A.B. asks: 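Could you have a look at this structure, given as structure tokens, before my questions?
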Number of protein chains: 2
Amino acid sequence: MQKVKLYDTTLRDGSQAEGISLSVNDKLRIAEKLGELGVDYIEGGWPGSNPKDMEFFKKAKKLKLRRSKIAAFGSTRRANIPASKDANIKALLRSGCKVITIFGKSWDLHVKEVLKVSMEENLRMIFDSVRYLKSKKLKVFYDAEHFFDGYRHNPEYAISTVLAAQEAGCDAVILCDTNGGMMTNDLERIVMEIRPKVKVSLGIHCHNDSEMAVANSVAAVQAGCDHVQGTINGYGERCGNANLCSIIPCLKLKLGIDCVTNAKLKELTEISRYVAEICNMKQNDNQPFVGQSAFAHKGGVHVNAVLKNPESYEHTLPQLVGNKRRILVSELSGKSTLLIKAKELEADLSKENPQTRKILNLLQDLEHQGYHFEAAEGSFELLVKRALKRHSKHFTLKGFTVIIEKAEDGRLHSEATIKVNVKGKVKHTASEGDGPINALDNALRKALLGFYPKLEEMHLSDFKVRVLDEKAGTAAKVRVLIQSQDKEKSWWTIGVSENVIEASWQALADSVEYKLLKG
Amino acid sequence: MQKVKLYDTTLRDGSQAEGISLSVNDKLRIAEKLGELGVDYIEGGWPGSNPKDMEFFKKAKKLKLRRSKIAAFGSTRRANIPASKDANIKALLRSGCKVITIFGKSWDLHVKEVLKVSMEENLRMIFDSVRYLKSKKLKVFYDAEHFFDGYRHNPEYAISTVLAAQEAGCDAVILCDTNGGMMTNDLERIVMEIRPKVKVSLGIHCHNDSEMAVANSVAAVQAGCDHVQGTINGYGERCGNANLCSIIPCLKLKLGIDCVTNAKLKELTEISRYVAEICNMKQNDNQPFVGQSAFAHKGGVHVNAVLKNPESYEHTLPQLVGNKRRILVSELSGKSTLLIKAKELEADLSKENPQTRKILNLLQDLEHQGYHFEAAEGSFELLVKRALKRHSKHFTLKGFTVIIEKAEDGRLHSEATIKVNVKGKVKHTASEGDGPINALDNALRKALLGFYPKLEEMHLSDFKVRVLDEKAGTAAKVRVLIQSQDKEKSWWTIGVSENVIEASWQALADSVEYKLLKG
């Protein structure tokens, strides 16, 4: 069975997408998920370009990534200095990564007009940079930027850049369609022409400007590439990069090419959604393989046929990529998923337990409303335990009021009052805050702290707001996720409402309940 | 020059997309636009399947469609009755269309399990239906449904279905990848195998379930197809149909194949947005060729290079498809990016203008606070024009109050009051809403509508909230982005604050100011 290495660049090229901005913490969470998926390489960033990336590399050393290796990205040395003195290359070494990907120019136009160096110096820049990094016992990948455009304009020179990298000892040469303009046919032919000349691993890196990045990547593999670069959900500059969430199932299911395990392939849908969530992007419903509508069937004869013989109307089985066939009202987390999760919580939810169906219905109902328990296990645990009557409330809300005022001079004032019943006593408190949610949070803490001093130990560590039905404009439903932590652990809780204050309240209340449950 | 016929099925297959529902009037407007674009055929619907489609065909006769012809879609006759007695075929005739597309089964599995007729009867159904419609002097296209799956399972039979249609006199045979599972390579090979057997026009109809519909359609043309079916923006069931907004520029610009005129190609971006608008879908920013980010460049050296020689970083010129190059403004971008951007706004910001430095400082200061003008060109334009004193406020905020209450029974109430000064008059209004931001939005509109009736034309189309410094928990700063649109354009505006209400207010206020500025 042919084998292909997967090289994910969501954290570097993917984060160039308009509208995506990842914190170091976001990047660490995505890296962890990519490790679970089992990609071979995770490109973490460009250490020479910004301090945030360097911090990521430092912290990423502590991640458990199974077989995935973190790679750092950078350019070849600048002109007319030794590689060892080049600031960018020094930063690559400082990243501590064992895998370095450097890109260089393969297109004579760029050598002349962008780098403004001689054609020979460009070859030396490639050779020296690879050779120097190899002397440090690192794995070195060479990204041949604009390779296809270069090859069409000046094939001899484009090839000589690749051979310079190969001669210097690089471990793989990656052919890049940087502008995304290649038609599948031409790209495939060029890969076939290059393949015999390259003795090391040959990779492909496509962009989606002609809506062909997935087809081009798969065709390149069929033409001899054994290394594929892409991003989760195809995130990337302009029209995006090649979408690994489509490439992986095409390779595995259509061509029988090994890349991730069958078990991991089943997590693809969840991983796509998880990364979308962290990137604060909405997953496209019509995204192939993993989108919510990817296996949606409308009623009628069609549905019976699909149930009798799915092959008749589906190009692949949705469960192979962890997605679901949708026929009637959306069927969300199935019974077995629930059982697995309940087991994790040490809750008895055998298939015979009548509670199981009840909880499943509740869960489906809430997910339909926009809750997303995958991303909020704190709230999920509370939900299951409440349903099993294994959790009793530590406080009951009697009501709250939040007031936000903006004065003529522009000054803002946020104030909240809250009334809660705690251990039989009614507590009514008020507080100001930096914004309405902070005011509400402060008022709640004021009310509870006397009864539960250990709330002092916890604090909120992350806060996310996501608009669910963007088109509803300012009346749209929002989903709030709050991460809290104490010395030992951290947990996420969730709230959903058309009212951002109410959604935040739900997540806040759960966050406190969870702390009190766990102690 | 090779010539390809374009067959648009946005009104039939496209309208099957989840979330799209078109009225007869919507369909007429889209048909008119397709006529302007100059596609050869506009598939209007399935007259046998619903009365709405029949009404469309009746009204469409009055449209001025230049060279485009309306086509009606339906299936071959049912088993064991003459074509002339088949209700579906009668409806096709009643549509009054001069072009009829009928689909039939090419996959033996479907013949046996879905139709449940003999293999011979299926061939007769195809032959009779085509022959009968041809006897009425109509142009008849034969859609070979599931052709590729059928060919892979039983090539002889699949071919015999196509030959039956050809023998009966059809004008074109269209090979359909109905489930969207074909890899480009295989599809291309099969088209090449079929091409010599078909003497009439050969078409291709792809679905996007493997994210290859565009690549597959283009490869099919290269393999000999001269008729391409698809939809505007790739709308369609599950993962959509082949996207004509990408196929058309690929054929024209990459392969030099004639299909629409150069002048019409320049309207492609506008047509894509127009159809999205009528379908009530948000155009994907990263959509190839026509999306808002399709030619967006980030700052630095890159920007200078792209201006000097666009070919170096762009696979095609945006103006050829009616799109625009966008230089993204961001913290890192220097003076030259600002100058370019200001030029787009027709603002005089020469390097010598003392305002330039001032605006740049302001911009950097705001970006440091968390504003992100790259994503909010509406606010950016207002900022530049305010700094240049080329914009005077249409209203001044005197203050607002927002109150959110949650009662003991869980009921929520959101209310806003707002005081603004408009044209020397103080307007004080109050409104409720679905959540606090909607209440504020409603109150603002109430205050302004009497003075500026054209605010009726705009509505909010997207709303995004992003927490900037997550670790500050509920006191974190948030960035709100609002997209608004009217009939002609859409624009993003921005607000940043620790207070989500205030951040939303800023974006709301800018969104209205921008509309009033542009008219």
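What's counted below: heavy atoms across the whole structure, side chains too, no hydrogens, waters or symmetry copies. Keep in mind it's a predicted model, so treat the numbers as computed, not measured.
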A.B. asks: Against chain B, label A/Leu255 side chain, backbone, both or neither, depending on which of its atoms sit under 4.5 Å from a heavy atom there.
C.D. replies: side chain

A.B. asks: For B/Asp209, is it the side chain, the backbone, both or neither that has a heavy atom under 4.5 Å from a heavy atom of chain A?
C.D. replies: both

A.B. asks: Could you work out, with salt bridge (charged side-chain N to carboxylate O under 4.0 Å, His left out) as the rule, every residue matching B/Lys406, not counting sequence neighbours?
C.D. replies: A/Glu502

A.B. asks: Chain B: which of A/Ile482, A/Leu397, A/Leu412, A/Thr396 shares the most heavy-atom pairs with it under 4.5 Å?
C.D. replies: A/Leu412

A.B. asks: Relative to chain A, which segment of B/Ser210 carries a heavy atom at a distance below 4.5 Å: side chain, backbone, both, or neither?
C.D. replies: both

A.B. asks: With chain B as the partner, which of A/Gly291, A/Gly240, A/Pro436 has the greatest number of non-hydrogen pairs under 4.5 Å?
C.D. replies: A/Pro436

A.B. asks: Between B/Asp186, B/Asn284, B/Asp149, which residue shows the highest count of heavy-atom pairs closer than 4.5 Å to chain A?
C.D. replies: B/Asn284

A.B. asks: Can you tell which part of A/Glu314 gets under 4.5 Å to a heavy atom of chain B, answering side chain, backbone, both or neither?
C.D. replies: backbone

A.B. asks: Can you check whether A/His315 reaches A/Phe289 side chain to side chain, under 4.5 Å on heavy atoms?
C.D. replies: yes

A.B. asks: Go through the atoms of B/Val465 and report whether side chain, backbone, both or neither lie under 4.5 Å from a heavy atom of chain A.
C.D. replies: both

A.B. asks: Measuring heavy-atom distances to chain B, does A/Ser414 have an atom under 4.5 Å in its side chain, in its backbone, in both, or in neither?
C.D. replies: side chain

A.B. asks: Out of B/Pro249, B/Gly399, B/Gly435, B/Pro288, which one racks up the most heavy-atom pairs below 4.5 Å with chain A?
C.D. replies: B/Pro288

A.B. asks: Tell me, side chain or backbone of B/His413 under 4.5 Å from chain A's heavy atoms, or both, or neither?
C.D. replies: neither

A.B. asks: Is B/Leu440 in contact with chain A via its backbone, its side chain, both, or neither, using a 4.5 Å heavy-atom distance?
C.D. replies: neither

A.B. asks: Do B/Leu444 and B/Phe400 come within less than 4.5 Å of each other through their side chains, counting heavy atoms only?
C.D. replies: no

A.B. asks: Under 4.5 Å from any heavy atom of chain A, what part of B/Ala407 do you find: side chain, backbone, both or neither?
C.D. replies: backbone

A.B. asks: At a heavy-atom separation under 4.5 Å, does B/Leu109 approach chain A through its side chain, its backbone, both, or neither?
C.D. replies: side chain

A.B. asks: Quick one: what part of B/Lys254 sits under 4.5 Å from any heavy atom of chain A, side chain, backbone, both or neither?
C.D. replies: side chain

A.B. asks: Taking salt bridge (charged side-chain N to carboxylate O under 4.0 Å, His left out) as the test, write out the residues that go with A/Arg479, two or more places apart.
C.D. replies: A/Glu277

A.B. asks: Chain A heavy atoms under 4.5 Å from B/Thr417: which part of the residue, side chain, backbone, both or neither?
C.D. replies: neither

A.B. asks: Quick one: what part of B/Gln483 sits under 4.5 Å from any heavy atom of chain A, side chain, backbone, both or neither?
C.D. replies: neither

A.B. asks: Counting only non-hydrogen atoms closer than 4.5 Å, does A/Lys112 touch chain B with its backbone (N, CA, C, O), its side chain (CB onward), both, or neither?
C.D. replies: neither

A.B. asks: Just give me the residue among B/Ala215, B/Ala296, B/Ser312 that pairs up with chain A most often, heavy atom to heavy atom, under 4.5 Å.
C.D. replies: B/Ser312

A.B. asks: Looking at B/Gln222, B/His207, B/Met182, B/Glu113, which one has more heavy-atom pairs under 4.5 Å with chain A than the rest?
C.D. replies: B/Gln222

A.B. asks: Mind ranking A/Leu508, A/Asn243, A/Val480, A/Asp285 by heavy-atom pairs under 4.5 Å with chain B and telling me who comes out on top?
C.D. replies: A/Asn243

